[in-house]
Amino acid sequence: MKKYISILVLSIAVISCKSKAVAVQGNTSQTIAPKEDKKVIEKHYDNKLDFSTLYIKASAKYVDEKQSQNVTAEIRIEKDKQILISIRFLGITMAKALITPDAVSYYEKINSTYYEGDFTSLSKWLGTDLDYSKVQNLLVGEAFDDLRKGKYIQTIVDNLFRLDEEKDANLKKTFFLDGEKYLIQKEEISQPSENRTLQIAYSDTKNFDQGALPTSIEINAVQPKGKTSINLNYNNISFNEELSFPYSVPSGYKKVTIK
């Protein structure tokens, strides 16, 4: 359960198959994107979701090499300030995670443990830099990284714009955007030399007054210790309601570290 909570904190908040939205094959022929489509990144950010708070009730399936679990997740977001995620099984709260720009905290009931710290340990555990914005971006379907700050090789694969970062051969980042609304369909971060990969795929996008939001997220994480996947399906969504963010570690819980 500790590993389950840690992964979901990284990816939604307690994280990581095959995308329902788009199947992207690595050996598909590629062509250079037309000159008139060079503003792909700019157009992606024209779709930025506009909200103050976001409430999501989701179903989640977690699978690793030892177990499979179906749970419900309640996600509360105060934009750019805090994210609270509650994980429930049969109506019982089994874990909570509170994420802010400065800290990550969670507790889980089965082993009566909790974690408090910043993003440093989680970034090292995942194998890529992690911060509050990336977790929030993941949940609302925006690019994991701020694409405006990078340099990319742009190609077209299966009618999707593919952006490969030109930065570090030991850390590869790839983003796939659709050619109509320039929304993220899939993104992948990998460290081939360390056998680490994080892949996120989106589908079932719905349009709201606040913008477009994918309602199905599939996350695959591959690490030397094994594979983990999480499928999230957003069932109920509401914007700009007054939300509370109750979080406190129950007494008697033992603090853990993430390595």
Side-chain angles (χ1 to χ4, degrees), residues 10-12 15-50 80 119 123 126-207 211-223 229-230 232:
L10 304 179
S11 301
I12 85 159
I15 248 178
S16 287
C17 328
K18 188 176 180 181
S19 169
K20 287 192 279 187
V22 182
V24 180
Q25 302 297 329
N27 58 359
T28 304
S29 61
Q30 300 181 359
T31 58
I32 299 300
K35 187 174 183 179
E36 61 267 28
D37 289 319
K38 287 297 184 181
K39 293 186 177 180
V40 170
I41 293 174
E42 180 180 322
K43 292 178 180 178
H44 170 66
Y45 287 101
D46 286 342
N47 295 303
K48 200 169 183 66
L49 203 61
D50 183 18
D80 301 330
F119 286 94
S123 297
L126 182 62
T128 187
D129 289 338
L130 187 73
D131 57 31
Y132 176 89
S133 294
K134 292 180 181 180
V135 177
Q136 181 174 278
N137 289 348
L138 185 152
L139 292 170
V140 301
E142 294 180 10
F144 198 63
D145 285 352
D146 187 339
L147 301 179
R148 294 164 294 193
K149 296 180 179 180
K151 293 184 179 180
Y152 302 89
I153 297 173
Q154 181 176 301
T155 54
I156 293 178
V157 179
D158 291 346
N159 296 317
L160 297 176
F161 289 101
R162 172 173 173 158
L163 304 177
D164 289 284
E165 190 176 45
E166 301 178 280
K167 186 177 180 181
D168 187 345
N170 296 319
L171 179 62
K172 298 182 178 181
K173 297 182 180 182
T174 305
F175 304 87
F176 294 87
L177 295 81
D178 73 80
E180 182 180 356
K181 295 184 177 180
Y182 302 89
L183 300 173
I184 288 289
Q185 301 296 301
K186 178 180 173 182
E187 50 195 348
E188 183 174 298
I189 302 169
S190 64
Q191 292 177 297
S193 62
E194 297 186 26
N195 191 29
R196 292 177 180 269
T197 302
L198 176 65
Q199 186 182 91
I200 305 161
Y202 297 96
S203 61
D204 300 331
T205 297
K206 294 183 179 180
N207 292 314
L213 178 69
T215 61
S216 182
I217 305 175
E218 297 191 26
I219 305 162
N220 288 321
V222 177
Q223 300 185 66
S229 69
I230 283 183
L232 281 173

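Within the model, atoms CD1 of Ile184 and CZ of Phe144 stand 11.5 Å from one another, a figure rounded to the nearest 0.5 Å. Distance check: Asp178 CG to Leu160 CG gives 7.0 Å after rounding to the nearest 0.5 Å. Atom CD in Glu218 sits 11.5 Å away from atom CD1 in Ile230 (nearest 0.5 Å). Annotation: the span from Leu138 atom CG to Ile200 atom CD1 amounts to 4.0 Å, rounded to 0.5 Å. Between Ile217 atom CD1 and Asp204 atom CG the span is 11.0 Å, to the nearest 0.5 Å. Put simply, CD on Glu187 and CD on Gln199 are 10.0 Å apart, with the number rounded to the nearest 0.5 Å.
Counting only distance, with no hydrogens or angles, the side chain of Glu165 and the backbone of Gly150 share no donor-acceptor pair below 3.5 Å. The main-chain N or O of Asp46 is never found under 3.5 Å from a side-chain atom of Tyr182 such that the two would form a donor-acceptor pair.
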Walk me through it: do Asp164 and Lys172 pass the test side chain to side chain contact (heavy atoms under 4.5 Å, CB included)?
CA-CA 8 Å; Asp164 289 284; Lys172 298 182 178 181; over 6 Å; no

Can Phe176 and Asp158 be said to form a side chain to side chain contact (heavy atoms under 4.5 Å, CB included), step by step?
CA-CA 10 Å; Phe176 294 87; Asp158 291 346; over 6 Å; no

Show your working on side chain to side chain contact (heavy atoms under 4.5 Å, CB included) between Tyr152 and Val40 and close with a plain yes or no.
CA-CA 11 Å; Tyr152 302 89; Val40 170; over 6 Å; no

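Taking every heavy atom of both residues into account, Ala143 and Asn137 meet most closely at O-ND2, 3.1 Å. Counting all heavy atoms, side chain and backbone alike, Gly141 lies closest to Pro214 at CA-CG, 3.6 Å. Between Val135 and Phe119, the shortest heavy-atom distance links the atoms CG2-CE2, 4.3 Å. Considering every non-hydrogen atom in both Thr197 and Ser190, the closest pair reads OG1-CB, 3.7 Å.
Among residues two or more places apart in sequence or in another chain, the side chain to side chain contact (heavy atoms under 4.5 Å, CB included) test is passed with Asp80 by Gln136. Applying the side chain to side chain contact (heavy atoms under 4.5 Å, CB included) rule to Asp145 yields the partners Lys134, Lys173, Phe175; only residues at least two apart in sequence or on another chain are considered. With sequence neighbours excluded, the residues satisfying salt bridge (charged side-chain N to carboxylate O under 4.0 Å, His left out) with Asp146 are Arg148. In this structure, Thr215 has no side-chain hydrogen bond (donor to acceptor under 3.5 Å, both in side chains) partners at least two apart in sequence or on a different chain. With sequence neighbours excluded, the residues forming a side chain to side chain contact (heavy atoms under 4.5 Å, CB included) with Asn207 are Lys181, Ala212, listed by chain and number. Here Glu142 pairs with Lys48 under the salt bridge (charged side-chain N to carboxylate O under 4.0 Å, His left out) rule; sequence neighbours left out.
At most 12 heavy atoms of other shown residues, nucleotides or ligands fall within 6.0 angstrom of atom CG in Asn159.
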